[in-house]
Amino acid sequence: MKNQIRGSVKINAEGKHIYKFINRIHNERICCFEQYVKGGIFCAEIYRHDLKKIKNIAEEYDIELKSFEYDTLSSEIIRRRRRYGIIIGLVIVIAASLYFSGVIVTIDIQGNEKVSDSAILSALEEIDIKAGTPFGQINYVWSENQLRLMVNDIAWVGMHRTGHRLVVEVTEIVEKPEILNERVPCNIVASHDAYISYTSVLDGQLMKKVGDYVLAGEMLVSGVTSDSTSHTTLHHAMADITGIYKEEVVFEGELKKQRLTPTGEKDTRCRFKLFSLDIPLYFGKNKYEYSESEVIEKPITIFGKKLPIGITKEKFTELERIETTLTEEEISAELMKKVYLYEQNFLNECEILEREINQEANGNILTLTVNYKLEGSICEQKEIMIK
């Protein structure tokens, strides 16, 4: 470590009076190590601060002296002493480290599921707890109580400091589970005109059998039963009844339509983010009548930790409203995407037995009619009205 601070220099000395030169160095009590003489050349290592004395002695005895300094911490500092950017950068890093060690850099919220992070952060900001707030100004007990009162769905709050982070642990209120009354008397009726393909009754009296054709609203399972003594019992009918039925869906698209398309003009606006401050680094406003934007945030990181300081870039792309004419094939492809989404969202619990697609163009409108033959549940509960 001492060598790193002092600096170590290797010297090579050659001349007629080499031994007088060596004796003079020893008499001057100059520290030499790793010294040896080979082929009339004296080699040694000395400390940097003795190099000037060695040069003076070499001139006195007409000795040719060569020196080479090893890479050490002190040599790097001396070599870069005029690079003021490095010095300024080190000062800024040290100052930032000292500053950020005493203020909130990030707020870490734990334990929340129903309550969003944004709701908790907004409540904390109302009681002056946000990025940049000194830890010494926080009254933890008072802040915990205030946050619990401000956010209705929180039952308990705990706050503690971990380095530059403020950790907020919350426990949410557990709602009393809703008790569903599954014993309300009801019948099961058909939701579609269909041929029955499967029946399984858990409670109630089956009114139809496999192969029967039923109309929408027709009773499938009765929740009213009678015994031999004419005693009537009301049930909450439960069954799994599958039927084969047809369904028609219509999708339309315009051949000529005004659409927003990029013009090729782009604009980038930068903002400097300092904690909760958002400082614009531009002048004027976005003059595009129609545009789409993309936001890119680049926070500054130190030792792998993101700081609440950085540059936010918002890239705008100008759009213009123009009337475009698409071919029937292009419109048909767009409508087929809608057909796919419809099947994924609304027919995912059914089995599609057949699918027939008819396409018709009428003026500016292209119509896609899809006829389905489906097999799925046709059960629909209908409450029994009791006086």
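For clarity, every value in this text was computed on a predicted model and none was experimentally measured.
- Residues satisfying the salt bridge (Lys or Arg N to Asp or Glu O under 4.0 Å) test with E126, not counting sequence neighbours, are none.
- Across I384, T233, V224, a single residue satisfies side chain to side chain contact (heavy atoms under 4.5 Å, CB included) together with P185, and that is I384.
- Taking both residues in full, the closest heavy atoms of C31 and D50 are given as N-OD2, 4.2 Å, listed atom of the first, atom of the second, then distance.
- In the hydrophobic clustering of ILVMFWY residues, with side-chain heavy atoms under 4.5 Å counting as a link, I154 and V141 come out apart.
- Atom-to-atom distance recorded for N187:CG and E383:CD is 10.5 Å, nearest 0.5 angstrom.
- Remark: side-chain polar atoms of S197 are paired, donor with acceptor, to backbone N or O of T242 under 3.5 angstrom.
- Annotation for I331 and E254: closest pair CD1-O, 3.2 Å, computed over non-hydrogen atoms.
- No more than 12 heavy-atom neighbours from other residues, nucleotides or ligands sit within 6.0 angstrom of CD on E113.
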Criterion ring pair (Phe, Tyr, Trp, His ring centres under 6.0 Å) on Y61 and Y19, from CA distance to verdict: CA-CA 10 Å; Y61 289 97; Y19 288 101; over 10 Å; no
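- A salt bridge is defined here as a Lys NZ or Arg NE, NH1 or NH2 lying under 4.0 Å from an Asp or Glu carboxylate O, and R165 with D108 meets this definition.
- Atom NZ of K313 and atom OG1 of T268 lie 7.5 Å apart (nearest 0.5 Å).
- Residues F346 and I244 fall into different hydrophobic clusters, defined by Ile, Leu, Val, Met, Phe, Trp and Tyr side chains chained together at heavy-atom separations under 4.5 Å.
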E320/T263 under side-chain hydrogen bond (donor to acceptor under 3.5 Å, both in side chains): CA gap, chis, key distance, verdict: CA-CA 6 Å; E320 63 177 347; T263 63; 6.0 Å; no
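- A donor-acceptor pair is defined here as one N or O able to donate and one able to accept, closer than 3.5 Å; no such pair exists between the side chain of N56 and the backbone of K53.
- More than 12 heavy atoms of other residues, nucleotides or ligands shown are found within 6.0 angstrom of NZ on K114.
- Under the 4.5 Å side-chain heavy-atom criterion for grouping Ile, Leu, Val, Met, Phe, Trp and Tyr, V115 is not connected to V167 through any hydrophobic cluster.
- From L124, atom CG reaches atom CD1 of I107 across 5.5 Å, with rounding to the nearest 0.5 Å.
- In the model, Q205 has no side-chain atom that pairs as donor or acceptor with a side-chain atom of T225 under 3.5 Å.
- Just one of E343, K246, E248 meets the side chain to side chain donor-acceptor pair (under 3.5 Å) condition when paired with Y372; it is E343.
- To the nearest 0.5 Å, the span separating CG on L374 from CG on L353 amounts to 7.0 Å.
- A pairwise comparison of heavy atoms in K256 and T325 identifies CG-OG1, 3.4 Å as the closest pair.
- Across I25 and C32, no two heavy atoms sit closer than the pair CG2-SG, 3.6 Å.
- Between the OG1 atom in T261 and the CG atom in L319 there is a gap of 7.5 Å [rounded to 0.5 Å].
- In the hydrophobic clustering of ILVMFWY residues, with side-chain heavy atoms under 4.5 Å counting as a link, V157 and V151 come out together.
- The aromatic rings of F21 and F42 sit perpendicular, their planes meeting at an angle over 60°, well past the 30° parallel limit.
- The distance from atom NE2 of H192 to atom CD of E380, rounded to the nearest 0.5 Å, is 9.0 Å.
- Listed by chain and residue number, E28, E60 satisfy the side chain to side chain donor-acceptor pair (under 3.5 Å) test with R24 (two or more places apart in sequence, or in another chain).
- Taking hydrophobic clusters as Ile, Leu, Val, Met, Phe, Trp and Tyr residues chained together by side-chain heavy-atom distances below 4.5 Å, Y140 shares a cluster with I127.
- The shortest heavy-atom contact between A239 and I188 is N-CD1, 3.5 Å.
- When atom types are taken as modelled, the side chain of N12 and the backbone of C43 share no donor-acceptor pair closer than 3.5 angstrom.
- For Y195, the OH atom sits in a loose shell: 12 or fewer heavy atoms of surrounding residues, nucleotides or ligands are nearer than 6.0 Å.
- One N or O on the side chain of E218 and one on the backbone of L215 form a donor-acceptor pair closer than 3.5 Å.
- I138 and S143 get closest at one heavy-atom pair: CG2-OG, 4.1 Å.
- Counted within 6.0 Å of CG on D62, heavy atoms from surrounding residues, nucleotides or ligands total 12 or fewer; the atom is thus considered open.
- A side-chain donor-acceptor contact under 3.5 Å links E144 to the backbone of M159.
- In terms of modelled atom types and a separation under 3.5 Å, the side chain of H236 and the main chain of V184 share a donor-acceptor contact.
- With sequence neighbours left out, the side chain to side chain donor-acceptor pair (under 3.5 Å) criterion links E349 to no other residue.
- With E314 contributing its side chain and S293 its backbone, the two residues share no donor-acceptor pair below 3.5 Å.
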